[in-house]
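Here the structure is laid out as C-alpha cells; the discussion comes afterwards.
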Amino acid sequence: TTPETPAESMLHVAANAYRTLMAGFTTVQSLGSPIDLLLRDAIARGGIPGPRVLTSLRPVTASTGDTDAIRAEIRQLKADGADVIKMFASGSIRDGGTRALTDAQIEAACDEARAQGLRIAVHAYGTEVVGAAVRAGCSSIEHGNRLFSYS
C-alpha cells in the first residue's frame with residue numbers, strides 16, 4: 001500500500017477527533033504524536049470540532065541523555081507547547097520491557113516536570129522501575145504491570 005500523505009493523515013486525525021467528541025469525550029490525552037499540537041490548536045481555535053487535546057509532543061527516552069539533558073528537554077517541551085510529559089523509563093514490552101532510565105534520570109524528569117507545572121506519565125514495567133517512578137513523585141504510571149516477584 002502507498003503511505004498516506006500528510007494531508008490524508010490530518011483528515012483522518014480530524015475525523016477521529018470529531019468521532020471522539022460525538023462519543024461523549026470532552027478531553028483526551030495523547031502521549032507522543034507531534035501532529036497532536038496542530039490538532040489541539042485547531043480545535044481550540046474552533047476550526048474543527050473535537051475534544052480538548054492534551055499532548056506530550058514527543059517522549060523523553062534514554063536517548064534524551066543525562067539528567068541535565070532531560071531537564072533541558074522538559075523545559076523545551078514546555079516551551080514548544082506540551083501539556084504533559086511522556087517518559088519511557090522502560091523499553092517496549094515487545095522488547096522485554098527492560099529498564100531504560102536510571103533512578104537519577106527518573107527523579108530529574110519528574111522534578112523538572114513539576115517545576116514546569118506539567119504532569120508526567122511514565123511508561124514503566126516491573127517493580128524496580130515503577131517503584132523508582134513512585135519514589136520520584138511522578139504523576140502517573142502507564143502500563144505498570146509485572147509488579148511481583150517469584151522469590
Any pair counted as salt bridge (Lys or Arg N to Asp or Glu O under 4.0 Å), so long as it reaches residues 38-54, sequence neighbours left out: Arg40-Asp83
task: Indicate if Leu54 and Leu39 have the same hydrophobic cluster label, given that clusters are the connected sets of ILVMFWY residues with side-chain heavy-atom separations under 4.5 angstrom.
output: no
message: If you define the side chain from C-beta out and look only at heavy atoms, does anything of Pro51 sit under 4.5 Å from Thr27?
response: no
- request: Give a yes or no on whether Leu11 and Tyr18 share a hydrophobic cluster (residues Ile, Leu, Val, Met, Phe, Trp, Tyr; joining criterion: side-chain heavy atoms under 4.5 Å apart).
  value: no
Separation between CD of Glu73 and NZ of Lys78, rounded to the nearest 0.5 Å: 14.5 Å
message: Would a single hydrophobic cluster contain both Leu21 and Ile35, if residues Ile, Leu, Val, Met, Phe, Trp and Tyr are joined by side-chain heavy-atom contacts under 4.5 Å?
response: no
query: If we only count heavy atoms from C-beta on, is the Val84 to Leu118 side-chain gap below 4.5 Å?
result: no
message: Please verify the inter-ring angle class for His123 with Phe88; under 30° counts as parallel, over 60° as perpendicular, anything in between as tilted.
response: tilted
message: Quick one, Ile85 and Arg119 - any side-chain contact, counting heavy atoms below 4.5 Å?
response: no
task: Show the numbers, then the answer: is there a side-chain contact (heavy atoms from CB on, under 4.5 Å) between Val130 and His143?
output: CA-CA 9 Å; Val130 170; His143 314 299; over 6 Å; no
message: So which atom in Ala100 and which in Ala62 form the shortest heavy-atom distance, rounded to 0.1 Å?
response: O-CB, 3.4 Å
- request: Test Arg99 against Ile106 for side-chain contact (heavy atoms from CB on, under 4.5 Å), laying out the working first.
  value: CA-CA 11 Å; Arg99 185 179 195 121; Ile106 294 168; 4.0 Å; yes
query: Is it true that Glu142 and Lys86 have a side-chain N and a carboxylate O under 4.0 angstrom from each other?
result: no
- prompt: Would you say the side chain of Ile120 lies within less than 4.5 Å of the side chain of Ser139, judging by non-hydrogen atoms?
  reply: yes
task: Without swapping roles, check the side chain of Gln105 against the backbone of Thr61 for a donor-acceptor pair under 3.5 Å.
output: no
- prompt: Taking all non-hydrogen atoms of both residues, which atom of Cys110 and which atom of Ala136 are closest, and how far apart?
  reply: CB-O, 3.6 Å
message: Keeping Ser90 on the side-chain end and Ala124 on the backbone end, is there a donor-acceptor pair under 3.5 Å?
response: no
message: Just verifying a value: how many Å separate Thr64 OG1 and Gln76 CD, rounded to the nearest 0.5 Å?
response: 12.5 Å
- prompt: Which distance, rounded to the nearest 0.5 Å, do you find between the CG of Asp66 and the OG1 of Thr102?
  reply: 9.5 Å
- prompt: Where do Ile74 and Ala109 come nearest, in terms of heavy atoms and distance?
  reply: CD1-O, 3.3 Å
- request: May I ask whether Leu37 and Val28 are part of the same hydrophobic cluster, defined by side-chain heavy atoms of I, L, V, M, F, W, Y residues being less than 4.5 angstrom apart, directly or through others?
  value: no
query: What distance separates Met87 CE from Ile141 CD1, expressed to the nearest 0.5 Å?
result: 8.0 Å
- request: Examine Leu38 and Ile48 and state if one hydrophobic cluster contains both, with Ile, Leu, Val, Met, Phe, Trp and Tyr joined whenever side-chain heavy atoms are less than 4.5 Å apart.
  value: yes
- prompt: For Glu8, does its backbone N or O pair with a side-chain atom of Thr5 as donor and acceptor, under 3.5 Å?
  reply: yes
task: Spell out, as yes or no, whether a donor-acceptor pair under 3.5 Å connects the side chain of Thr20 to the backbone of Asn16.
output: yes
- prompt: Would you call Glu112 and Glu107 a side-chain contact if the rule is heavy atoms closer than 4.5 Å?
  reply: no
Ionic contact status for Asp111 with Arg114, cut-off 4.0 Å: yes
message: Go through it in stages, so that I can follow the logic: the residues are Val60 and Leu77, the test is side-chain contact (heavy atoms from CB on, under 4.5 Å), and I'd like the CA-CA distance, side-chain angles, deciding distance and then a yes or no.
response: CA-CA 9 Å; Val60 172; Leu77 282 162; 4.1 Å; yes
